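Just so we're clear, the structure is a prediction, and the values are computed from it rather than from any experiment.
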Amino acid sequence: MAHDAIKLTAQDRTNYGKGASRQARRDGLVPAVVYGHGSEPRHVLLPAHATALALRGNENALIELDIDGEKLLTLTKAVQRHPIRPGVQHVDFLLVNRNERVEVEVPVTVIGEAEPGTIHMIESAHLAVSAPAVAIPEVVEVDVTGVAGGTMITVADLKLPEGVEALADAETGVVNVADENAVTAEAPEAAAEAPAAEAE
């Protein structure tokens with residue numbers, strides 16, 4: 001959980017448009033916008049390298065922006081990346097305060113040693129949760145240790161950090177633990193049905 005915000009220095013953006021954005025990126029800067037709490041959107045520029053490091057591996061990073069000495073606590077809401085080149089193209093930040101709760105999508109990851117002869121499949125890649133703005137988990141961990149094949153781990157089975165609540169229904173499937181033999185047996189049947197379906 002990110003109780004401490006990552007600090008980034010920013011500057012107010014004065015030039016707009018695609019040409020200005022391209023020039024900013026050539027200068028090693030990332031265009032960004034800060035909005036929320038009823039305020040007008042504020043356009044800023046961030047150092048590209050520091051921004052890429054701050055946002056790496058954390059979809060909901062808590063960022064403290066320092067704009068000429070003014071401190072703004074923000075939550076990363078959207079990150080645009082280039083489809084080929086590394087780096088960040090644009091960031092949307094939501095203004096937050098340390099006492100409020102926010103609703104975010106958190107990626108699901110599997111931990112633990114699976115039972116021999118079983119295989120797990122993630123049914124829900126992300127889980128919607130409500131959490132304190134200063135304590136958003138980077139991931140939701142699902143432990144498959146000792147879970148028998150044929151078991152669907154649901155939202156109700158998850159052990160979420162203190163203060164974090166799932167927004168999905170309790171019976172929503174998150175991780176499916178299946179018997180390897182059952183999965184292998186189903187595959188040939190599916191392949192055999194495909195030509196018949198095409199013939200029809």
Side-chain angles (χ1 to χ4, degrees), residues 1-6 51-63 75-94 96 101-200:
M1 287 195 189
H3 293 277
D4 295 321
I6 301 168
T51 301
L53 290 177
L55 302 181
R56 185 171 59 188
N58 188 354
E59 299 179 10
N60 302 296
L62 189 67
I63 305 289
L75 180 67
T76 306
K77 291 302 290 181
V79 180
Q80 294 177 20
R81 303 181 188 274
H82 194 277
I84 301 173
R85 294 191 297 271
V88 175
Q89 297 284 294
H90 189 276
V91 188
D92 288 359
F93 292 108
L94 176 67
V96 296
R101 296 181 67 86
V102 293
E103 295 182 2
V104 294
E105 296 269 339
V106 179
V108 171
T109 186
V110 173
I111 63 171
E113 285 292 327
E115 285 288 287
T118 66
I119 186 170
H120 65 264
M121 293 163 283
I122 296 178
E123 301 289 329
S124 302
H126 287 75
L127 185 69
V129 303
S130 170
V134 296
I136 299 170
E138 291 187 15
V139 296
V140 171
E141 294 183 340
V142 181
D143 193 348
V144 296
T145 302
V147 178
T151 302
M152 176 67 77
I153 299 174
T154 66
V155 169
D157 300 318
L158 300 179
K159 295 179 180 178
L160 297 174
E162 185 177 353
V164 177
E165 300 172 2
L167 299 177
D169 292 336
E171 64 272 16
T172 300
V174 182
V175 174
N176 182 17
V177 180
D179 289 312
E180 279 185 348
N181 293 336
V183 174
T184 305
E186 287 176 8
E189 289 178 11
E193 289 172 5
E198 290 172 5
E200 290 174 10

Evaluate the side chain to side chain contact (heavy atoms under 4.5 Å, CB included) criterion for residues Leu55 and Ile63: first the C-alpha distance (whole Å), next the side-chain angles of each, then the deciding distance (0.1 Å), finally the verdict.
-> CA-CA 9 Å; Leu55 302 181; Ile63 305 289; 4.3 Å; yes
Does the pair Glu141 and Lys159 meet the rule for a side chain to side chain contact (heavy atoms under 4.5 Å, CB included), with working shown?
-> CA-CA 8 Å; Glu141 294 183 340; Lys159 295 179 180 178; over 6 Å; no
From CA spacing to verdict: side chain to side chain contact (heavy atoms under 4.5 Å, CB included), Ser130, Val164 = CA-CA 6 Å; Ser130 170; Val164 177; over 6 Å; no
Under the side chain to side chain contact (heavy atoms under 4.5 Å, CB included) rule, what do Glu123 and Met152 come out as? Steps first, then yes or no, please.
-> CA-CA 9 Å; Glu123 301 289 329; Met152 176 67 77; 3.9 Å; yes
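Between the side chain of Arg81 and the main chain of Val88, no donor-acceptor pair closer than 3.5 Å is present. Without hydrogens or angle criteria, Asn60 side chain to Glu105 main chain gives a donor-acceptor distance under 3.5 Å. In terms of modelled atom types and a separation under 3.5 Å, the side chain of Arg101 and the main chain of Gly163 share a donor-acceptor contact. A donor-acceptor contact shorter than 3.5 Å is absent between the side chain of Thr154 and the backbone of Glu171.
In this structure, Ile122 and Val174 have side chains that are not in contact, with every pair of non-hydrogen atoms separated by 4.5 Å or more. Using a 4.5 Å heavy-atom threshold, the side chains of Ile136 and Leu75 count as touching. Contact of the Met121 side chain with the Asn176 side chain is registered, since non-hydrogen atoms from C-beta on lie closer than 4.5 Å. For the pair Leu127 and Leu158, the minimum side-chain heavy-atom distance is below 4.5 Å. Counting heavy atoms from C-beta on, the side chains of Asp143 and Ile153 never come closer than 4.5 Å. In this structure the side chain of Thr118 never reaches within 4.5 angstrom of the side chain of Val147, judged on heavy atoms.
Here the closest non-hydrogen pair linking Ser124 and Gly173 is OG-O, 2.7 Å. Summarising the geometry of His126 relative to Glu59, their closest heavy-atom pair is NE2-OE1, 3.1 Å, with the distance given to 0.1 Å.
Considering OG1 of Thr76 and CG of Asn58, their distance stands at 7.0 Å, rounded to 0.5 Å.
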Distance-only donor-acceptor pairs under 3.5 Å for side chains of residues 106-117, two or more places apart:
none

